[in-house]
Amino acid sequence: MSHTSGVRQAQKAKTRRALMDAALRLLEDQSLSSLGLREVTRAVGVAPAAFYRHFRDLSDLGVTLVEECLGSLHHMIRAILADQDGDEERIDATVEAVAEHVRRYPAHIRFIARERHGGVRAVREAIAAELGGFADEVAAAFAPSLSPEGWPPEDVRMLAELYVDHMVMTATAFLEAQAAARGGTGAGQGEPGAVQEEARGQEVIGAGRPGPLADPRGARPGRSEDERRVAATARKQLLLISLGRRHWRDG
C-alpha cells in the first residue's frame with residue numbers, strides 16, 4: 001500500500017468514525033427514525049454525498065452501531081462463560097462486565113435500549129440477531145451440565161434467553177444509575193466528550209476480558225450508591241434464576 005493510499009484509508013476511517021459518533025450524540029434525545037442524514041453530516045462538517053461512501057443509509061449506520069456495541073460485549077461474555085465454572089463466579093463476572101460496558105459505552109447502550117423496539121426494522125432485526133447469538137452461546141455453555149439432567153434443548157434455550165433478557169434489563173438499570181450519579185437525565189447527557197471517550201475505550205472492551213473484580217456484590221470503588229444497588233439486585237436475581245434452574249426438572 002502506497003503512502004498516499006494509506007493516508008486516504010486513514011482519513012476515510014476517521015470520517016466513518018466521526019459519522020458514527022455524531023449520530024450517537026444526536027440520538028441522545030431522539031430515535032433513529034426521526035434522525036435526518038443532513039443532521040449527521042452537518043455535525044461532522046462533510047457534504048451529504050460523503051455519507052454514502054461509508055453507509056448505504058441511516059439504518060445501515062444503525063446496524064453498524066449495534067454490531068459494534070453488542071459484538072464487543074459478545075467477546076467479554078464468551079470469555080466469562082469459558083473461564084468461570086461456578087454459578088456465583090459467572091454471575092459476579094457477568095454483572096461486573098455489564099456494568100463496565102455501560103460505563104464505557106453509555107451512548108451505545110442507550111441506543112440499543114431505545115431501538116430494540118424502535119421504528120427502524122433493520123436495526124430491530126440486528127439487535128434481535130445479536131441477542132439471539134448471545135442466547136446461543138449461553139445455551140451452549142449450559143447444555144453440557146443440563147442435558148444429562150434431562151433438560152430438552154428448548155428448555156435450555158428458554159433459560160439462556162432468560163439470562164440474556166436479564167442482562168439487557170441490568171444494562172438499562174446501570175445506564176439510569178450512572179446518569180443519576182452524574183446528575184443528568186441520560187448517560188452522557190451534557191458531556192460532549194462521552195462519545196469520544198467510548199471510542200478511546202473500544203480496544204480495551206474489544207479485548208475480550210473484563211477487568212479485575214472488586215467486591216462482587218457491587219461495592220466497587222468509585223461506584224455510586226445507585227450503581228451498587230443495581231449490581232446487588234442483579235446478582236440476587238441471577239442467583240434466584242440459578243436456584244430455580246436447579247429445581248426446574250423436579251416436578
Side-chain angles (χ1 to χ4, degrees), residues 13-14 16-28 61-81 83-84 90-116 126-127 130-131 133-134 137 164 166-216 218-231 234-235:
K14 182 178 179 181
R16 178 184 173 88
R17 181 74 253 167
L19 289 167
M20 294 168 67
D21 288 347
L24 281 171
R25 286 194 298 273
L26 292 166
L27 288 167
E28 288 183 1
L61 185 153
V63 169
T64 302
L65 291 174
V66 171
E67 293 172 346
E68 178 177 73
C69 177
L70 295 181
S72 59
L73 187 57
H74 260 284
H75 294 299
M76 298 180 71
I77 300 302
R78 188 179 300 118
I80 290 169
L81 293 174
D83 294 347
Q84 306 293 339
R90 280 180 174 174
I91 288 170
D92 293 341
T94 298
V95 172
E96 184 60 39
V98 171
E100 186 64 17
H101 203 71
V102 173
R103 183 176 291 278
R104 289 185 180 274
Y105 285 132
H108 282 77
I109 299 300
R110 184 191 310 108
F111 171 73
I112 295 295
R114 177 178 288 152
E115 299 299 329
R116 186 182 183 188
I127 294 172
E130 289 288 344
L131 295 180
F134 271 122
E137 291 176 7
V164 170
H166 185 274
M167 184 176 68
V168 174
M169 180 183 71
T170 299
T172 303
F174 272 124
L175 185 69
E176 294 172 354
Q178 291 172 11
R182 284 191 290 267
T185 57
Q189 183 116 2
E191 298 179 20
V195 174
Q196 290 85 346
E197 182 62 31
E198 291 185 21
R200 286 195 292 270
Q202 278 177 354
E203 289 187 3
V204 176
I205 287 291
R209 289 291 189 276
L213 298 178
D215 185 335
R220 181 166 178 161
R223 182 169 286 170
S224 71
E225 181 62 33
D226 284 344
E227 289 174 280
R228 288 195 292 271
R229 189 178 300 112
V230 169
R235 184 177 185 276

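Just so we're clear, the structure is a prediction, and the values are computed from it rather than from any experiment. As a basis for the values below, the full set of heavy atoms in this structure was taken, side chains included, without hydrogen atoms, waters or symmetry mates.
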Heavy-atom closest contact (Val95 atom, Phe174 atom, distance)
O-CE1, 4.0 Å
If I take atom CD1 from residue Ile127 and atom CD from residue Glu115, how far apart are they, to the nearest 0.5 angstrom?
6.5 Å
What is the minimum heavy-atom distance between Met76 and Ala97, and which atoms define it?
CE-CB, 3.9 Å
Taking all heavy atoms of Val102 and all of Ala171, pick out the closest pair and write down the distance.
CG2-O, 3.7 Å
How long is the straight-line distance from CG of Leu73 back to CD1 of Ile112, given to the nearest 0.5 Å?
10.0 Å
With Glu96 as partner, the option from Arg235, Arg103, Arg223 fulfilling salt bridge (Lys or Arg N to Asp or Glu O under 4.0 Å) is Arg223
Does the Arg116 side chain pair with the main chain of Val168, one donor and one acceptor, at a distance under 3.5 Å?
no
What pair of heavy atoms forms the shortest contact from Arg182 to Pro106, and how long is it?
NH2-CB, 4.5 Å
Side chain His101, main chain Leu70, donor-acceptor under 3.5 Å:
no
I need the minimum non-hydrogen distance between Val230 and Ala177, along with the two atoms involved.
CG2-CB, 4.0 Å
At what distance, to the nearest 0.5 angstrom, does OH of Tyr105 lie from CG of Leu65?
11.0 Å
Rounded to the nearest 0.5 Å, how far apart are CD1 of Ile80 and CD1 of Ile91?
11.5 Å
Nearest-0.5 Å distance, CZ of residue Arg114 to CD1 of residue Ile109
13.5 Å
Listed by chain and number, what are the side-chain contact (heavy atoms from CB on, under 4.5 Å) partners of Arg16, not counting sequence neighbours?
Met20, His54, Phe55, Thr64
Starting at CD1 of Ile77, measure out to CD of Glu137 and round the result to the nearest 0.5 Å.
9.0 Å
